[in-house]
Every structure is written in structure tokens, then in C-alpha cells.
Amino acid sequence: VDSAAPVRTTSEPAAGLLRGGVSYLGGLAQSVGLIGPSAGAGIIVGAIFGTVGPLGWLSWLIGTLAICCVAYAVVFLSRRFLTTGGLYPLAAKAGGKAAGYFTAFGAQFWLLVAAPAVVLTTGIFANDFLSLPAFGLHQSTWWVLAFSVITLVATAWIAYAGIKISVHILLAIELVTGAAIVLLLIITLVKHPGGPIDHAQFHFAGAHMSSIISGIVLVTFGFGGFESATILGQEAHEGRRNIPLAVVTSILIAGFFIMLTQYVTVLGFEGSKLALATSPNSLGDLARIDGVGWYAYLTTAGLVLATFANNIALYNAGARMLYTLPREIGTFSWLARISPKHRTPTSGVLTFAAVNAAVMIAIAIWRLNPVSAYADLGTMSGYGTIVMYAVTCIATIVLIVKFARRNALGVVICLAGAGIICYGAYTLLHPFPKYPASVFAWIFIGSAVAAILGYLVLRARRSTAFAAVSVDEDTALSP
């Protein structure tokens with residue numbers, strides 16, 4: 001008997017988690033919370049402007065449509081299969097063990113690297129907020145780490161306390177922070193001396209397609225986590241309907257919201273003495289440009305809350321991915337422990353907390369700059385999303401070709417999704433990053449090589465790992 005064989009061989013839903021308690025809005029809150037559009041409005045807008053210039057909104061429009069190609073694959077699978085593990089059991093069900101294995105590698109690499117990056121982001125914004133004139137706290141690495149540890153503990157507890165509690169908090173935070181940003185955008189449109197129409201942002205002459213494409217690549221990475229509602233396969237009410245709907249809606253909401261923010265922010269910065277591309281807090285600076293400097297307190301506090309919500313969504317997704325892993329590989333059974341009171345994956349939450357804590361300790365010991373550490377971890381996590389999404393698209397094509405051969409359009413859409421993601425990988429690695437960024441590229445390459453060797457070992461042993469035993473299949477719905 002293969003020692004690596006999964007302990008269960010039937011396709012049945014996982015036991016222990018809350019059943020059917022999360023509504024469509026809860027699934028939407030999970031996916032939107034992990035995309036983090038309110039946080040993105042304050043973090044990504046400046047980077048997109050620095051890359052693309054005034055046509056940043058166009059990169060968001062095209063990028064949103066591009067990520068919909070990947071979303072097609074996710075929706076195709078999640079309408080047919082339910083799981084608590086996210087994409088990797090779905091990919092295994094669609095494309096076989098290799099697809100499941102490499103999607104699992106990409107997903108875990110992404111989440112375990114992204115989690116401490118987002119924790120640091122909350123710590124950075126909390127320090128920024130308390131360093132505003134009304135509070136006067138000085139900027140310090142130690143304060144950032146202190147706030148990061150508070151975030152780590154608080155968000156882990158919320159994720160542990162129950163999925164219904166956590167998605168309700170996610171929904172509330174996204175609504176409040178989104179409303180605060182929309183109000184600022186309205187103020188900008190009303191107060192801008194040139195009116196709400198910025199002709200420069202619709203002037204395409206002289207635009208460089210290469211810059212727009214680079215912006216599109218950044219945008220697609222900005223949607224990382226849109227599929228995270230798929231981890232609610234057991235906990236979602238009417239999952240085969242509500243999970244795909246939440247996935248699609250989250251992309252449309254986030255894409256339109258940040259595209260609007262991009263347009264209005266660029267409009268607001270025009271004619272000011274401030275540079276959007278280098279602004280450390282574009283929303284706060286926009287409030288000052290509009291003559292409502294006091295509003296910077298609200299927007300900065302909103303960024304703290306938005307990144308806090310991002311952490312909750314990461315814990316929800318990562319903990320359930322780890323919870324599902326023992327059923328797929330037949331070992332690490334301790335990861336499947338569930339809180340009998342809260343019906344949440346205890347070991348998964350604690351594992352993510354331990355990873356985050358280890359990064360905070362490393363930063364403290366080596367006296368690293370938290371902002372640089374956040375940027376480096378964020379870049380490295382992008383490599384994981386590339387693997388996860390590209391393999392999922394390819395696995396979906398395999399399923400379509402096997403069982404739905406008339407769906408040629410579906411094959412084309414999935415091919416486009418895989419192509420877009422692979423082009424993102426090309427732009428990250430060509431030209432090859434210079435030191436110190438090259439260190440993180442080599443870490444990923446080394447991890448990928450180790451993953452390939454691990455798969456070859458599993459195959460040589462004829463392991464039944466990643467046989468999609470955690471997937472609940474709707475046999476009444478044809479692939």
C-alpha cells in the first residue's frame with residue numbers, strides 16, 4: 001500500500017466545517033476582501049500611473065477583461081465541483097494529479113508569502129495614521145512591527161472565531177472604506193477647477209502600447225485572490241450557484257471601483273505640486289489637494305481597515321487550503337483539526353499565524369526595512385499566482401476537451417487566460433531582475449525545481465495524492 005495515498009478515496013464533502021451557513025454576500029465579501037479594492041485604491045493607483053501615465057484607467061479596463069478569462073475557468077469548475085481547498089482540488093479534478101499538485105504548489109507559495117506582506121502593510125498604514133499631526137507618533141520600524149503583531153493576532157482570532165463572523169466583518173469593512181473613498185472621489189469631481197472631464201486621459205496619441213501592457217500585467221496581479229470564494233465549498237449556501245456568482249461579481253466590483261479611483265485620482269493630482277507616482281498615500285494627498293486635509297485621517301484609517309480585512313480573507317482562504325491538504329496527500333493529518341465550537345480549521349489558522357510571526361521576528365533580528373520587506377514579499381508572491389492561475393486554465397481546457405468538445409469558445413477563453421498569465425511571468429523574469437530582486441526570483445525558481453522533483457518522486461511511487469478526493473461532484477451537471 002502506498003504510504004502517501006490519501007486516507008479517503010471517495011468524492012465526498014469534508015466534515016467538520018460549518019455547512020451551508022455562508023450566503024452569496026458572504027462569498028462575495030471573501031473574494032472582494034482578498035482582492036482588497038479599497039486597499040488597492042491607496043496602494044496600486046500610484047504605481048499604475050507611474051507605469052502607464054494618464055491612461056492608467058485603460059489598463060484597469062483591459063486588465064479586468066483579461067482576468068475574466070481566468071475567471072471563466074474558475075467559474076466553469078466551481079459550477080460543477082465543490083471543495084474546501086480552493087483551486088488545487090478543482091484543478092486536480094479537471095486536469096489530473098499533476099494539475100492538482102502544481103496548482104497546490106502555486107497556491108501555497110502565494111499565500112504563505114503574501115500573508116506576511118499584507119500583515120506588514122497594515123502595520124505600515126497604522127504607523128502612518130498615528131504619525132499624522134493629531135497624534136504625532138514618530139515613524140519607526142518597531143512601531144510597524146508592533147502594529148503588525150497586533151494585526152496578526154487580531155485577524156487570526158477573527159478567522160478562528162467563525163466563518164460567518166469573519167465574512168460579516170469583511171463585508172462591513174469593505175462597505176465603509178469603499179464609501180469613504182467614493183465620497184472623496186465625488187469631492188474631487190465637484191471641486192476640480194477644470195471640471196470632471198479630463199481630456200488628457202482620453203488622448204491616445206503618443207501612448208506607448210508597451211506601457212499600457214505593463215500596466216495590464218500589474219492590474220492582473222492586483223486581482224490575486226478573486227477566486228477565494230471557492231474555499232467555501234462546504235460552508236456556502238447553494239455553493240454551485242453562489243460561489244461562481246461571487247467570483248464574477250467580485251472582479252466586476254473591484255475592477256470598476258479601482259478604475260474609477262484611478263481616473264479621478266489622476267484628475268485630482270493634475271496641476272498640483274504633488275507627484276502621484278511617488279505619493280506614499282495618494283488618497284490622503286488627494287484630500288489635501290481638494291482642501292479637505294482633515295479627510296486624510298479618514299482615508300488613512302480606511303487603508304488600515306482595508307488591509308486588516310485583507311488579512312482576514314487571507315486567513316480564511318489559507319487555513320482551509322491547509323485543512324484540505326491532508327485529505328489530498330494522506331499525511332499531515334494535524335492540519336485537518338477543527339474547532340468543535342467555532343467549526344473553523346484551527347491548525348490552518350495557527351500555521352499561518354506562525355509563518356507571519358516568523359517573518360516579523362526575522363525583520364526584527366536582521367533590522368530590515370518593513371516597506372522594502374513588504375515590496376519584496378509582494379513581488380515574490382506574484383510568482384505563485386502565475387503558477388496557480390495558469391495551471392488551472394490548462395486543467396480546465398483538459399476537462400472541456402474530454403467532456404465538452406463542442407465548447408470551442410471555452411477552450412479559446414481559457415487559452416487566453418493562460419496566455420495572459422504566462423506573459424505576466426515573462427515580464428517578471430525578462431529581463432532577469434537585478435540584485436536584490438534577483439534573490440527572490442531565484443528563491444521561486446529553486447522552489448519550483450524542488451516542486452518538480454517532488455512530483456517526479458510521487459509519480460515514481462505511483463502515489464494517489466492529489467486525486468481530488470476532497471471534491472464533491474455534481475454528477476447531474478455535465479462537464
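Here the structure is a predicted model, which is why all the values come from computation and not from measurement.
Distance CZ/F226 to SG/C68: 8.5 Å, rounded to 0.5 Å. One distance of note links CD1 of I312 with CD1 of I158; it measures 4.0 Å at 0.5 Å rounding. A distance of 10.5 Å separates OG of S78 from CD of E227, quoted to the nearest 0.5 Å. Between the CG atom in L152 and the OG1 atom in T122 there is a gap of 10.0 Å [rounded to 0.5 Å]. Atoms CG and CZ, from L17 and R320 in turn, are 6.0 Å apart once rounded to the nearest 0.5 Å.
Geometrically, R80 engages F76 in a cation-pi contact defined by less than 6.0 Å to the ring centre and at most 45° from the axis.
In this structure, the side chains of P89 and E328 come closer than 4.5 Å at one or more pairs of heavy atoms. Inter-residue side-chain proximity for T300 and N281 is flagged as met; some heavy-atom pair is nearer than 4.5 Å. Looking at L170 and E174, their side chains never come closer than 4.5 Å, going by heavy atoms from C-beta outward. Counting only heavy atoms from C-beta outward, the side chains of L415 and I397 approach each other to under 4.5 Å. Looking at heavy atoms from C-beta onward, F81 lies in side-chain contact with L399 at the 4.5 angstrom threshold.
Looking only at atom types and distance, the side chain of D472 has no donor-acceptor partner in the side chain of T83 under 3.5 Å away. The closest side-chain donor-acceptor pair between S23 and N242, if any, does not fall under 3.5 angstrom. Looking at N310 and Y315, their side chains never bring a donor and an acceptor atom within 3.5 Å of each other. Of the N and O atoms on the side chains of S166 and N316, at least one donor lies less than 3.5 Å from an acceptor on the other residue. T121 and T307 share no donor-acceptor pair across their side chains, judged by distance under 3.5 Å alone. Using modelled atom types and a 3.5 Å distance limit, the side chains of S279 and D285 yield a donor-acceptor pair. Judged by distance alone, the side chains of T220 and Y389 never bring a donor and an acceptor atom under 3.5 Å apart.
Not a single donor-acceptor pair under 3.5 Å links the side chain of D290 to the backbone N or O of V292. At least one donor-acceptor pair under 3.5 Å links the side chain of S381 to the backbone N or O of G378.
In this structure, W57 has its ring center under 6.0 Å from that of F202. Aromatic ring centres of F109 and Y383: separated by at least 6.0 Å. Ring pair F432/W442: centre-to-centre distance below 6.0 Å.
Contacts of F129 classified as ring pair (Phe, Tyr, Trp, His ring centres under 6.0 Å), with partners at least two apart in sequence or in another chain: F135.
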Next item on the list: Test salt bridge (Lys or Arg N to Asp or Glu O under 4.0 Å) on E235 and K164 and set out the steps.
Entry: CA-CA 9 Å; E235 294 158 298; K164 293 180 74 173; over 6 Å; no

Check: Is there a side-chain contact (heavy atoms from CB on, under 4.5 Å) between N127 and F147 once you walk through the steps?
Finding: CA-CA 7 Å; N127 196 190; F147 294 133; 4.2 Å; yes

Next item on the list: Output, in order, the C-alpha distance, side-chain angles, deciding distance and verdict of side-chain hydrogen bond (donor to acceptor under 3.5 Å, both in side chains) for T84 and T324.
Entry: CA-CA 6 Å; T84 57; T324 308; 2.6 Å; yes

